[in-house]
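In this text the structure is predicted, and so the values were computed from the model without any measurement.
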Amino acid sequence: MKQHDVQTQFGNLTLTEEDGAIVRLTWGTTGRADRSAVLDAAVDQVRAYDAGDLERFDLPLKVRGSDFQRDVCDAMSDIPFGETITYGDIAKMLDVPAQAVGQACGGNPIPIIIPCHRVMGAKGLTGFSGAGGVETKVALLRHEGGFLI
């Protein structure tokens with residue numbers, strides 16, 4: 001397992017790579033700056049996203065979890081930059097309850113890269129499992145021009 005810390009306007013992030021794929025993005029620091037082609041590309045892309053120069057990540061990802069978790073992550077990955085959809089929208093696509101989609105979104109192991117921040121509740125803004133909670137979600141959406149208060 002290789003890890004590399006990245007400082008962003010959304011907080012300090014740690015990217016984790018295993019077997020040639022990004023498997024996790026977490027808030028916090030490890031003090032590590034491991035190198036690999038995949039990890040270097042991920043660091044570069046996160047920095048470019050942070051700078052406003054990247055709208056879609058192009059990285060090998062591996063979501064550990066159930067088939068359902070992977071399906072929800074795939075659906076979130078398809079949400080365009082600056083746009084939002086609801087848990088209910090994903091639920092309809094997958095023919096599952098919206099609450100299950102919400103739980104899977106909360107279990108997203110690679111936030112920002114898999115944009116769970118682009119998923120809203122039926123009545124608007126909902127929580128966010130990353131550091132800073134809903135305030136970080138708002139910051140990410142504002143960064144993308146998809147959320148104005």
Side-chain angles (χ1 to χ4, degrees), residues 1-87 89-91 93-94 100-121 124-149:
M1 172 173 52
K2 295 179 181 177
Q3 295 182 307
H4 195 108
D5 297 339
V6 183
Q7 292 182 356
T8 73
Q9 64 182 303
F10 312 109
N12 294 319
L13 307 174
T14 298
L15 291 157
T16 302
E17 180 252 328
E18 284 185 21
D19 300 324
I22 299 300
V23 297
R24 185 162 292 287
L25 183 150
T26 55
W27 272 260
T29 59
T30 62
R32 292 176 61 180
D34 298 334
R35 306 284 311 267
S36 74
V38 169
L39 204 49
D40 291 350
V43 168
D44 289 345
Q45 289 185 35
V46 167
R47 287 182 176 147
Y49 172 83
D50 184 50
D53 297 329
L54 181 80
E55 294 185 358
R56 184 161 181 88
F57 291 91
D58 183 18
L59 297 165
L61 307 176
K62 183 174 184 178
V63 174
R64 291 202 175 104
S66 66
D67 289 343
F68 176 67
Q69 178 73 53
R70 286 188 291 277
D71 289 346
V72 171
C73 285
D74 287 345
M76 290 187 292
S77 293
D78 289 339
I79 306 168
F81 181 90
E83 295 184 23
T84 60
I85 65 173
T86 67
Y87 298 109
D89 293 331
I90 294 174
M93 284 185 255
L94 301 178
V101 171
Q103 291 171 341
C105 287
N108 174 12
I110 315 171
I112 300 176
I113 295 172
I114 298 175
C116 52
H117 59 278
R118 297 179 189 157
V119 184
M120 308 291 272
L125 191 62
T126 55
F128 183 66
S129 59
V134 73
E135 293 303 319
T136 300
K137 183 173 188 163
V138 169
L140 288 161
L141 292 170
R142 281 186 176 153
H143 176 68
E144 296 183 6
F147 189 75
L148 303 172
I149 297 180

Visitor: Quick one: list whatever passes salt bridge (charged side-chain N to carboxylate O under 4.0 Å, His left out) with Glu18, sequence neighbours left out.
Guide: Arg64
Visitor: Can you list everything that forms a ring pair (Phe, Tyr, Trp, His ring centres under 6.0 Å) with Phe10? Sequence neighbours excluded, please.
Guide: His143
Visitor: Who pairs with Asp19 by salt bridge (charged side-chain N to carboxylate O under 4.0 Å, His left out), at least two apart in sequence or on another chain?
Guide: none
Visitor: Measuring only between side-chain heavy atoms, which start at C-beta, is Leu61 closer than 4.5 Å to Val23?
Guide: no
Visitor: Find the distance between CD (Gln3) and OG1 (Thr29) and round it off to the nearest 0.5 Å.
Guide: 10.5 Å
Visitor: Can you measure from CD (Gln7) to CG (Asn12) and round to the nearest 0.5 angstrom?
Guide: 5.0 Å
Visitor: Would you check if Met76 and Cys73 make a side-chain contact, meaning some heavy-atom pair closer than 4.5 Å?
Guide: yes
Visitor: Do you know the tightest heavy-atom contact between Pro109 and Gln69?
Guide: CD-NE2, 4.5 Å
Visitor: To the closest 0.5 Å, what do you measure between CD (Glu17) and CG (Asp40)?
Guide: 9.5 Å
Visitor: If every non-hydrogen atom of Thr8 is compared with every non-hydrogen atom of Gly11, which pair is closest and at what distance?
Guide: OG1-O, 2.8 Å
Visitor: Got a donor-acceptor contact below 3.5 angstrom from the Asp50 side chain to the Gln9 backbone?
Guide: yes
Visitor: What pair of heavy atoms forms the shortest contact from Arg56 to Leu54, and how long is it?
Guide: O-CD1, 3.4 Å
Visitor: Restricting to salt bridge (charged side-chain N to carboxylate O under 4.0 Å, His left out), what partner residues turn up for Asp34, sequence neighbours left out?
Guide: Arg32
Visitor: List the atom of Glu144, the atom of Gly82, and the distance in Å for their closest heavy-atom pair.
Guide: OE1-N, 3.1 Å
Visitor: Please report the interatomic distance CD1(Ile112) to CG(Leu25), rounded to the nearest 0.5 Å.
Guide: 5.5 Å
Visitor: Mind checking salt bridge (charged side-chain N to carboxylate O under 4.0 Å, His left out) for Arg47 and listing every partner two or more places apart, or none if nothing turns up?
Guide: none
Visitor: Report the C-alpha distance between Val134 and Thr136 in whole Å, list the side-chain angles of each, state the deciding distance to 0.1 Å, and finish with yes or no for side chain to side chain contact (heavy atoms under 4.5 Å, CB included).
Guide: CA-CA 5 Å; Val134 73; Thr136 300; over 6 Å; no
Visitor: Donor-acceptor check, side chain of Lys62 to backbone of Gly20, threshold 3.5 angstrom: yes or no?
Guide: no
Visitor: If you compare all heavy atoms of Cys116 against all heavy atoms of Pro111, which two are closest, and at what distance to 0.1 Å?
Guide: SG-CB, 3.9 Å
Visitor: Can you check whether Leu94's main-chain N or O pairs, donor with acceptor, with Asp71's side chain at less than 3.5 Å?
Guide: no
Visitor: Does a donor on one side chain sit under 3.5 Å from an acceptor on the other, for Asp89 and Thr86?
Guide: yes
Visitor: Can you find a side-chain donor-acceptor pair between Gln103 and Tyr87 that sits under 3.5 Å?
Guide: no
Visitor: In Å and rounded to the nearest 0.5 Å, what is the CE to CD distance from Met120 to Glu83?
Guide: 13.0 Å
Visitor: With sequence neighbours excluded, tell me which residues meet side chain to side chain donor-acceptor pair (under 3.5 Å) with Asp5.
Guide: Thr14, Thr30
Visitor: Which value, rounded to the nearest 0.5 Å, describes the distance between His117 atom NE2 and Asn108 atom CG?
Guide: 10.5 Å
Visitor: What pair of heavy atoms forms the shortest contact from Ala42 to Ile22, and how long is it?
Guide: CB-CD1, 3.6 Å
